Amino acid sequence: MKITPISHGLDLLATDLVRSPGVHMSDLYGDLYQDLEPKRFVRGSEPNPMLLALGTAWERHLEFLLDRNGVRVLRPGELFTPEGIAYSPDGIVDGDRVVEYKLSSMGVQDLLTSPTNSLPEKFGKYLCQLMAYCFHMETPYARLYFCSIRRPFDPRLLVFDIDFSARDLHANWTALLNHAQHKGLL
């Protein structure tokens, strides 16, 4: 037997999703969290292409599962804020609930399984993203599908309906916009 490793030659970042030029919402909350948590979100680091590919594959399979179970998720495509910032929620469900799918190596041990008014701090960037989308889509309702692969032999899918206050949404957007203007992102 002879086994020879070969290069796969695949572009793991290839996608059929269209992203227009210019500033994107992820530029704003990404930069903010690089300042807030510099050890966790390292400025100038490149995302792992394999993890991005796995996340995209998971999104597509999750959408298939949701559809198969009668949950209709509408993908709105790329949208723009009045300031011209592009954003692309993963979906809308129940008419007005913003949906985000996350495949993550973060564990679920800190997550409660009963109603609560907060998530662990490590979920701050996800909440910031959801609030920015909700603010511009003029809805306080969100749903987070969170798949943890922290323990690959025991992955977990948790789903959270999140209802934000108008004050939360406004404060989050004001902070993001102020940060972006201060950093020269806009």
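In this chain, numbering begins with 1 at the start of the sequence shown. Everything numeric here is computed off the predicted structure, so don't read it as measured data.
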Result block: side-chain N/O donor-acceptor pairs under 3.5 angstrom for residues 62-73, not counting sequence neighbours:
unit_1, atom_1, unit_2, atom_2, d
E63, OE2, R75, NE, 2.9
E63, OE2, R75, NH2, 3.2
E63, OE2, Y101, OH, 3.4
D67, OD1, R72, NH1, 2.8
N69, ND2, L65, O, 2.8
R72, NH1, D67, O, 2.8

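- Distance CD1/I92 to CE/M137: 3.5 Å, rounded to 0.5 Å.
- In terms of hydrophobic clustering, with Ile, Leu, Val, Met, Phe, Trp and Tyr side chains grouped at heavy-atom distances under 4.5 Å, F135 and L185 are assigned to different clusters.
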Chi angles and distances behind the side-chain contact (heavy atoms from CB on, under 4.5 Å) call for I162, L127
CA-CA 9 Å; I162 304 169; L127 292 174; 3.8 Å; yes
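- Within the 3.5 Å criterion, the main-chain N or O of L32 finds no donor-acceptor partner in the side chain of K183.
- Counting heavy-atom neighbours within 6.0 Å of R40 CZ, excluding the residue itself, gives a total above 12.
- Judged purely by atom type and a 3.5 angstrom limit, D168 uses its side chain to pair as donor or acceptor with the backbone of S165.
- V108 and L103 are not part of a single hydrophobic cluster, where members link through side-chain heavy atoms under 4.5 Å apart.
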Under 3.5 Å, which donor-acceptor pairs do the side chains of residues 144-151 form with other protein atoms, sequence neighbours left out?
unit_1, atom_1, unit_2, atom_2, d
S148, OG, M106, O, 2.6
S148, OG, R150, N, 3.3
R150, NE, S105, O, 3.1

Could you please spell out the steps behind the side-chain contact (heavy atoms from CB on, under 4.5 Å) verdict for L177 and W173?
CA-CA 6 Å; L177 203 53; W173 179 243; 3.7 Å; yes
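- Closest heavy-atom contact between T116 and S118: CG2-O, 3.2 Å.
- The OG1 atom of T174 sits 11.5 Å away from the CZ atom of R167 when rounded to the nearest 0.5 Å.
- At least one donor-acceptor pair under 3.5 Å links the side chain of E100 to the backbone N or O of D90.
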Yes or no on side-chain contact (heavy atoms from CB on, under 4.5 Å) for V159 and R143, after CA distance, side-chain angles and deciding distance?
CA-CA 7 Å; V159 183; R143 180 170 294 159; 3.7 Å; yes
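- Remark: L176 CG to D27 CG distance equals 11.5 Å, nearest 0.5 Å.
- Clustering ILVMFWY residues whenever any of their side-chain heavy atoms sit less than 4.5 angstrom apart, transitively, puts M25 in the very cluster that holds M131.
- When atom types are taken as modelled, the side chain of N172 and the backbone of C128 share a donor-acceptor pair closer than 3.5 angstrom.
- Put simply, the side chain of D94 never gets that close to the backbone of R97: no donor and acceptor are under 3.5 Å apart.
- Here the side chains of L52 and M50 are not in contact, with every heavy-atom distance at 4.5 Å or above.
- A perpendicular orientation is assigned to the rings of F123 and Y126, their planes being inclined by more than 60° (bins at 30° and 60°).
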Test side-chain contact (heavy atoms from CB on, under 4.5 Å) on L36 and K125 and set out the steps.
CA-CA 10 Å; L36 293 174; K125 187 175 176 185; over 6 Å; no
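- Transitive grouping of hydrophobic side chains (ILVMFWY, heavy atoms separated by less than 4.5 Å) keeps V93 and V98 in distinct clusters.
- Within a 6.0 Å sphere centred on CD of E121, other residues, nucleotides and ligands contribute 12 heavy atoms or fewer.
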Report, one line per pair, each donor and acceptor closer than 3.5 Å where one atom sits in a side chain of residues 78-87; sequence neighbours left out.
unit_1, atom_1, unit_2, atom_2, d
E78, OE1, S20, N, 3.3
E78, OE1, S20, OG, 2.8
E78, OE2, S20, N, 3.2
E78, OE2, S20, OG, 3.4
T81, OG1, E83, N, 3.2
T81, OG1, E83, OE1, 2.9
T81, OG1, G84, N, 3.4
T81, OG1, I85, N, 3.1

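- No donor-acceptor distance shorter than 3.5 angstrom exists from the side chain of H24 to the backbone of S26, with no hydrogens or angles considered.
- For the residue pair G91 and P76, the shortest heavy atom distance occurs at CA-CD, 3.9 Å.
- Checking K102 against Q129 by side-chain atom types alone, a donor-acceptor pair falls below 3.5 Å.
- With hydrophobic clusters built from ILVMFWY side chains whose heavy atoms lie under 4.5 angstrom apart, Y33 shares a cluster with Y133.
- Using modelled atom types, no side-chain atom of T139 and backbone atom of C134 make a donor-acceptor pair closer than 3.5 Å.
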